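Note sheet for the following structure.
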Amino acid sequence: MNSLQRVLTTIGQAEPDRVPLFLLLTMHGARELGLSIHDYFADPRHVIEGQWRMRAKYRNDCYYAFFYAAIETKAWGAEVIYSEDGPANCGAPLVRDCEEIRRLRPPRVADSPDLKRVLDTIAGLRARDGDTPIIGVVMSPFSLPVMQLGFERYLLLLLERPELFDHLMRLNEAFCVDWANAQLKAGATAICYFDPISSPTISRPEDFRRLGKPVAARTIARIQGPVATHFASGRCLRIIDELPETGPAVIGVSADEDLGDLKRAAAGRLTLLGNLNGIAMRGWDAAAAEQAVKQAIAAAGPGGGFILSDNHGEIPFQVPEETLLAIADAVARWGTYPLDWIERESSA
Amino acid sequence: MTEPVRAFVAALLAIDRLTLEDMVAGVVAADTLAPIDDLVVPALEFIGEQWEQGEVSLSQVYMSGRLCEELITGLPRLRFVEDGNGNGNGSGDGWGAEGATGDRPLRIGISTLDDYHLLGKRMVCAVLRASGYRVRDYGTADAATLAGHVVRDDVQVLLLSVLMLPSALRVKDLRAALDAAGQRTRILVGGAPFRFDPKLYLEVGADAAGATAADALALVRAAEEALT
């Protein structure tokens, strides 16, 4: 099986040849090419080459066309702070007074040189390889305001300014749909819809039902390709029954929740993507990496419907190559179907 | 948990301001500071634990801290958070817990490191303020600048809230800068990287880590006891 067949089989809730591995690597490509993170993302050719090399090295089953989350708010006009050892971060919020929301205008994707670099990266990867999924990324309209307004101002907006919230959602939904569809048109196979604010870690389930869920349902319905909803380390078990109604085929799940419980709750309706602890991963030796991979596969691998990945949607730059190789080795050893070893070990 | 605390928690989670005000007023009749220890602290600790267990959301934790902060600052003996330049919104020039005894009340600072994700810091401020502490807020700073503030103000306890792993790793630079200046400040850290790797705080040279804003209060109280 090639990577695309492997992923499509598992999403179809059947067992492929082995558990698909999505090492969601972004900044590590800069290390591959001996560049700073800033310079790496400045040229799509670097990212194409970095993703290409990392896929071969780690036997990865996807290319990840994610630069950094703040690239979206940069397109809206916000400041971005670059870092030598981490993702570019959003600077001071774009909106400092909620009334300014009335004057916001969504950026045109074609007008943003930063977004264009992402599109060129996707197109370049697609030209090189038609057999491997390319994952594009959008911030959900419901979660983007954390970067647009700052978290506290956004929480207060949710509570106190429903009319402005609705207006902001209309703007963000229009941008999100355009941005997602531009990535699909460039050659992305699927879109990862990051929506941490919908997670019960951040919002009450009743607020998700009232606010984040309708936004997700409206937005995902207009994205012209498959979608994975990712909660970026946030929990989702308490809302998992409602997620299929919003339209994703895959959900990114947290290390804070039991993968076996999640698999049972997903019940063949959703494929799970997760849930290795990316922060703890920094300190793993080969044995710890193998143990974590085994544990995850034992909990969620049987029957398909599972892609092994980290729990946040981006592996920290500080995770060493040796650990990533150990994870890839462990997937090859323990993730090959049929997973008979699980029964043997549990009966022993 | 006592019945009044249970009722206070329920009112906080329901954002029921009237009930909260009534409950605080009822306790204030006996002792102006009693609501802090009798209601606010146990309620915020319980809500923090519930968040850690996935039973309540961050938005509820935030609103609970904010409501408690409003209630407590409405008491006759005002507490306040001041910025790193010493400008507060209340009266008095000192540091530390309201009503604290001793010649030198606790000097507490708070900051984020190279990060504009400010909600965690805001929540810790609210909890400490609601619990009667004054905190000097240094906003967002890099390690060298923050070390300068800490040395200038001779901060005894510094709270750091971070969201991103690189920011967490900067604590090591801060500790090195403070050590080089001979500044013995207790560094208390919190935020997602420290929650996902419980040993990370040791690696970066912090003295302790808390998983929730309410944990910050317990850590500050422990630091206060150790220092007095």
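Throughout, protein chains are lettered first and strands after them, A, B, ... in sequence-line order, and every chain is numbered starting at 1. What you are looking at is a predicted structure, and each value in this text was computed from that prediction instead of being measured.
- The contact between Ile202(A) and chain B is made by backbone and side chain atoms together, counting heavy-atom distances below 4.5 Å.
- Heavy-atom distances place both the backbone and the side chain of Arg204(A) under 4.5 Å from chain B.
- Among residues 3-22 of chain B, the residues having any heavy atom closer than 4.5 Å to a heavy atom of chain A are, in sequence order, Leu13(B), Ile15(B).
- Only the side chain of Asn89(A) comes within contact range of chain B, with heavy atoms under 4.5 Å apart.
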For Leu165(B) and Ile279(A), what are the C-alpha separation, side-chain angles and deciding distance, and is it a side chain to side chain contact (heavy atoms under 4.5 Å, CB included)? CA-CA 7 Å; Leu165(B) 179 61; Ile279(A) 299 291; 4.1 Å; yes
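- Evaluation of the side-chain hydrogen bond (donor to acceptor under 3.5 Å, both in side chains) test over residues 189-202 of chain B, restricted to residues two or more places apart or in two chains, returns Asp256(A)-Arg195(B).
- Only the backbone of Val56(B) comes within contact range of chain A, with at least one heavy atom under 4.5 Å from a heavy atom of that chain.
- With sequence neighbours left out, the salt bridge (charged side-chain N to carboxylate O under 4.0 Å, His left out) criterion links Glu152(A) to Arg66(B), Arg122(B).
- Among the candidates Gly150(A), Ala92(A), Ala280(A), the residue making the largest number of heavy-atom pairs closer than 4.5 Å to chain B is Ala92(A).
- Heavy atoms of Arg153(A) lying under 4.5 Å from chain B are absent altogether.
- With rounding to the nearest 0.5 Å, the separation of CE in Met281(A) from CZ in Phe196(B) is 12.0 Å.
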Is there a side chain to side chain contact (heavy atoms under 4.5 Å, CB included) between Leu169(B) and Arg282(A) once you walk through the steps? CA-CA 12 Å; Leu169(B) 298 174; Arg282(A) 288 174 60 245; 3.7 Å; yes
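- Other residues, nucleotides and ligands place no more than 12 heavy atoms under 6.0 Å from the CD atom of Glu84(A).
- Between Ser203(A) and Ser57(B) the shortest heavy-atom distance is C-CB, 3.3 Å.
- In this structure, Glu100(A) has no salt bridge (charged side-chain N to carboxylate O under 4.0 Å, His left out) partners at least two apart in sequence or on a different chain.
- Only the side chain of Gln318(A) comes within less than 4.5 Å of a heavy atom of chain B; its backbone N, CA, C and O stay farther away.
- Put simply, CG on Leu155(A) and CE on Met123(B) are 9.0 Å apart, with the number rounded to the nearest 0.5 Å.
- Leu158(A) CG to Ser59(B) OG: the interatomic distance, rounded to the nearest 0.5 Å, is 8.0 Å.
- Contact of Ile197(A) with chain B is not made at all, since no heavy-atom distance falls under 4.5 Å.
- Neither the backbone nor the side chain of Leu163(B) comes within less than 4.5 Å of any heavy atom in chain A.
- Only the backbone of Glu55(B) comes within less than 4.5 Å of a heavy atom of chain A; no side-chain atom from C-beta onward does.
- Heavy-atom distances place no part of Ser199(A) under 4.5 Å from chain B, backbone and side chain included.
- Contacts between Met63(B) and chain A at a heavy-atom distance below 4.5 Å involve the side chain alone, from C-beta outward.
- In this structure, chain B has a heavy atom under 4.5 Å from the side chain of Leu156(A), while its backbone stays farther away.
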